[in-house]
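The next block holds one structure in the form of structure tokens; read it before the comments.
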Amino acid sequence: MDLDTLRHGNFAQLNEAITAWKGMADKLKALDTYARDDLKAKADKANWAGLNATVSREFITKTVGEFSDAHTQATTIHNILKDTRDELVEYRTELDQALERGRKKNITVVPTGNGGFTVTMVVHPDRAAKGTQVADHSQQDVDHLRDDVQRILNRATESDTSAAKVLKAIADQAEVGFSGAQYKDRDSAADALKKAEEAAKLIKEKGDEMTPEEFQRLNSTLGAYKNDLLFQEKFATRLGPKGVLEFWADLTEVSSPDDLARTQLDQLGDFQKNLGLTLAGATQSDSPAMRAWENDMVKFAGERYQTRGSQVWGFQLMSNLMRVGDYDDSFLDKYGNALVETEKKMKLPGNFWSGGVGGPNMPKMNFMGDEDFGRDPMTGFMTALANSPDASTEFFNTKEPQDNAEWVLKERKSFDDTPLDDGPNPALEATGKAMFAAVSGVGDPDDGGATFVEHTEAHREALKRSLGFLAETGDDLPPELRRDMAWALGNHGETVHKVMSDPLGSSVMDEDQLLEVTKQISRNKDSYALLNEQMNYAILADINLNKEHPRTLCGTPDVPSDSWSRHGS
């Protein structure tokens with residue numbers, strides 16, 4: 001910002017914009033309240049069936065969310081504009097005060113025409129009127145005025161340019177619709193962008209050669225900003241997808257006692273979580289830069305990366321950062337299809353993932369718990385699907401370019417990624433959780449806060465397909481999937497009860513497949529007890545319904561599939 005712009009700037013239009021945005025925010029707040037308390041509340045209570053239970057309800061939920069985001073964005077824009085206006089007015093006052101101090105010493109500043117300025121005398125002594133007293137000044141006075149004016153202009157420029165940068169970043173968050181980024185002033189938003197730039201720059205310039213102190217500060221920064229929308233997007237795009245993969249490959253490699261993987265071992269799990277949450281949030285951004293980031297990540301994940309003593313796949317690296325957070329559904333869809341395609345081409349995925357390429361020195365890439373080393377990328381990816389039920393439903397129903405459910409439930413060869421533990425296979429456990437999310441629309445069934453989600457046709461199709469593939473495995477059905485399959489059948493308890501009680505066999509589910517899977521579940525007493533418990537709720541619901549609406553030749557009325565919501569865990 002140059003001298004004349006700040007000194008003579010007219011803030012009238014900015015004031016009008018601030019007033020307009022305040023009015024818009026107030027109106028959107030009223031609409032947000034109405035949409036949430038009236039529209040959504042009625043939709044949640046409505047006893048809808050068929051398409052209304054899925055399409056209409058989902059549309060209303062998304063629309064209500066857009067009203068909320070619109071109010072948030074309008075409020076944030078108002079806050080930033082007001083904060084910037086107040087700062088510029090303050091800087092103009094400081095400039096006027098500095099110039100007044102200079103005039104008292106017969107010096108002032110004038111623009112040079114190229115955005116700069118020069119200090120000059122107000123009245124040259126040789127040209128002063130006869131008898132006029134001209135104040136004296138020293139070179140120090142000249143230097144002080146120059147420095148004061150330059151400092152004020154620098155701050156005003158920073159205020160103006162950072163506001164423009166922040167507003168553009170917020171607008172870029174949502175290509176269609178509104179951003180949920182919320183900031184109380186320009187400084188907090190600008191600070192998020194600045195911290196993201198600094199964090200990405202540190203990783204790009206130093207990587208795993210940063211000092212322990214730098215690593216700890218980086219971890220603290222990610223921890224503080226892992227839920228900040230502007231930070232997430234800026235950090236991810238500045239670092240780039242290949243930068244993420246190369247950094248995690250180098251960081252997890254241990255070749256000397258001074259490596260961060262040794263000196264900071266107690267922080268690696270926390271760092272992995274903070275980094276994963278940051279990247280997950282970044283994928284929710286609709287900015288063109290993040291859309292390109294996602295496409296490039298899928299491409300780069302299929303490449304190999306050389307560490308000091310090994311070679312690892314990008315899928316192995318990225319999947320370990322996907323164990324936490326809610327990744328964008330479309331990204332998970334593309335990533336999952338590419339991962340399955342890569343594994344099918346490998347023929348023997350176990351040999352590749354566990355050391356066929358990298359050799360016996362393949363590094364440990366997972367530090368969130370001690371269950372597995374993180375060499376099997378399907379573990380992290382399935383965990384990501386379990387955290388994003390809609391994406392999981394899509395994955396388990398996808399048949400092109402390959403049948404994903406058939407691969408992970410029936411054909412895929414698992415391998416031991418827990419050399420220090422003889423317990424269950426982590427990849428299969430994660431697959432079970434993802435499968436349950438796919439058929440139910442719910443994440444963790446053991447979560448006491450989990451609530452029943454109205455089943456869609458996609459949920460029912462995912463259950464039908466999963467049941468079929470697992471039935472085909474017979475006695476080879478992995479023990480790790482029994483409990484989750486018991487949860488899945490219990491979640492669809494009313495349908496399962498109908499199938500087992502239908503003497504005509506005219507059901508939506510194959511009875512033989514159901515019997516086979518039930519037999520496999522019964523091989524574990526705890527899983528079988530869970531299934532019995534869940535089915536008892538469905539049976540009791542059917543009994544209670546029949547008391548109110550006795551069966552007729554026309555059939556049985558539809559029973560609301562809500563027993564799991566009342567007795568879920």
Side-chain angles (χ1 to χ4, degrees), residues 222 226-227 232 236 241 244-245 248 269 271-285 290-291 293-302 313-343 349 353 365-369 371-398 404-405 407-409 412 414 417 425-447 450 462 466 480-481 484:
L222 291 178
K226 62 180 179 291
N227 296 319
Q232 293 167 338
V244 170
L245 299 176
W248 196 247
F271 181 80
Q272 180 181 351
K273 178 180 178 180
N274 289 334
L275 180 57
L277 288 171
T278 300
L279 296 177
T283 64
Q284 297 294 340
S285 168
M290 271 311 300
R291 296 280 79 86
W293 187 96
E294 293 178 15
N295 291 332
D296 288 342
M297 176 58 79
V298 173
K299 179 177 68 174
F300 294 145
W313 286 80
F315 281 118
Q316 293 176 294
L317 299 164
M318 185 59 197
S319 288
N320 279 296
L321 301 176
M322 297 169 69
R323 294 171 181 251
V324 292
D326 181 11
Y327 279 82
D328 176 67
D329 290 354
S330 63
F331 170 66
L332 291 176
D333 182 44
K334 290 179 286 189
Y335 186 94
N337 289 338
L339 174 57
V340 172
E341 182 182 13
T342 299
E343 288 199 331
W353 296 140
M365 288 169 277
N366 171 46
F367 300 91
M368 293 173 57
E371 288 77 14
D372 62 286
F373 277 20
R375 297 172 301 179
D376 190 340
M378 197 59 76
T379 306
F381 175 64
M382 285 290 133
T383 303
L385 286 185
N387 293 334
S388 303
D390 288 347
S392 192
T393 302
E394 177 70 21
F395 177 87
F396 277 83
N397 281 336
T398 294
N404 293 335
W407 176 253
V408 298
L409 295 177
R412 187 177 192 268
S414 298
D417 194 23
N425 185 290
L428 289 172
E429 285 191 314
T431 300
K433 290 180 172 60
M435 181 272 297
F436 173 79
V439 307
S440 67
V442 180
D444 185 1
D446 288 311
D447 179 5
S466 298
E480 291 87 348
L481 300 182
D484 292 297

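Positions are given from 1 along the sequence.
Ala438 and Ala462 make their closest contact through O-CB, 3.8 Å (heavy atoms, listed as atom of the first residue, atom of the second, distance). Looking at every heavy atom in both residues, Ala282 comes nearest to Ala236 through CB-CB, 3.7 Å. Considering all non-hydrogen atoms of both residues, Phe396 and Val408 come closest at CE2-CG2, 3.9 Å. Between Val298 and Ala338 the shortest heavy-atom distance is CG1-CB, 3.6 Å. When all heavy atoms of Ser414 and Asn425 are compared, the closest pair comes out as CB-ND2, 3.8 Å. Minimum heavy-atom separation, Ala301 to Leu245: N-CD1, 4.1 Å.
At least one side-chain heavy atom of Trp353 sits less than 4.5 Å from a side-chain heavy atom of Glu343. Residues Asp376 and Pro426 form no side-chain contact, since every pair of their non-hydrogen atoms from C-beta on lies 4.5 Å or further apart. Leu409 has its side chain within reach of Leu481: a pair of non-hydrogen atoms, C-beta onward, lies under 4.5 Å apart. Looking at heavy atoms from C-beta onward, Met382 lies in side-chain contact with Leu385 at the 4.5 angstrom threshold. A heavy-atom distance below 4.5 Å is not found between the side chains of Pro377 and Met318. Counting only heavy atoms from C-beta outward, the side chains of Lys226 and Gln232 never approach each other to under 4.5 Å. Residues Asn387 and Asp326 have side chains not in contact (no heavy-atom distance under 4.5 Å, counting atoms from C-beta outward). Counting heavy atoms from C-beta outward, Glu394 and Asp329 have side chains that stay 4.5 Å or more apart.
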Yes or no on side chain to side chain contact (heavy atoms under 4.5 Å, CB included) for Asn320 and Phe367, after CA distance, side-chain angles and deciding distance? CA-CA 9 Å; Asn320 279 296; Phe367 300 91; over 6 Å; no
Val244 and Leu317: CA distance, side-chain angles, deciding distance, side chain to side chain contact (heavy atoms under 4.5 Å, CB included) verdict: CA-CA 9 Å; Val244 170; Leu317 299 164; over 6 Å; no
Apply side chain to side chain contact (heavy atoms under 4.5 Å, CB included) to the pair Phe331 and Asn295, showing each step before the final yes or no. CA-CA 8 Å; Phe331 170 66; Asn295 291 332; over 6 Å; no
Any chance you could lay out the ring-ring contact (aromatic ring centres under 6.0 Å, His included) test for Phe315 and Tyr335, step after step, and finish with the verdict? CA-CA 9 Å; Phe315 281 118; Tyr335 186 94; 5.3 Å; yes
Set out, in order, the CA-CA distance, both residues' side-chain angles and the distance that settles salt bridge (charged side-chain N to carboxylate O under 4.0 Å, His left out) for Asp328 and Lys334, then state yes or no. CA-CA 10 Å; Asp328 176 67; Lys334 290 179 286 189; over 6 Å; no
Test side chain to side chain contact (heavy atoms under 4.5 Å, CB included) on Met322 and Leu332 and set out the steps. CA-CA 10 Å; Met322 297 169 69; Leu332 291 176; 3.4 Å; yes
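Thr283 contributes atom OG1, which lies 6.0 Å from atom CE of Met290 (distance to the nearest 0.5 angstrom). With rounding to the nearest 0.5 Å, the separation of OG in Ser330 from CG in Asp390 is 12.0 Å. Taking OH of Tyr327 as the reference point, atom OG of Ser388 lies at 10.0 Å (rounded to 0.5 Å). To the nearest 0.5 Å, atom OG of residue Ser392 and atom CG of residue Asn404 are 10.5 Å apart. Between atom CD of residue Glu429 and atom OG1 of residue Thr383 there is a gap of 9.5 Å, rounded to the nearest 0.5 Å. Atom CE of Met365 sits about 10.5 Å away from atom CG of Leu321, to the nearest 0.5 Å.
Panel note: side chain Ser285, backbone Gly281; no donor-acceptor pair is recorded below 3.5 Å. Counting only distance, with no hydrogens or angles, the side chain of Asn366 and the backbone of Phe373 share no donor-acceptor pair below 3.5 Å.
Within the 6.0 Å centre-distance limit, the rings of Phe395 and Phe381 are counted as a close aromatic pair.
Look at Asp296 and Arg291 and you find no salt bridge, because none of the NZ, NE, NH1 or NH2 atoms lies under 4.0 Å from a carboxylate O.
The 12-atom threshold is not exceeded at NZ of Lys273, counting heavy atoms of other residues, nucleotides or ligands nearer than 6.0 Å.
Between Phe271 and Trp248, the ring planes lie parallel to each other; the angle is under 30°, not in the 30° to 60° tilted range.
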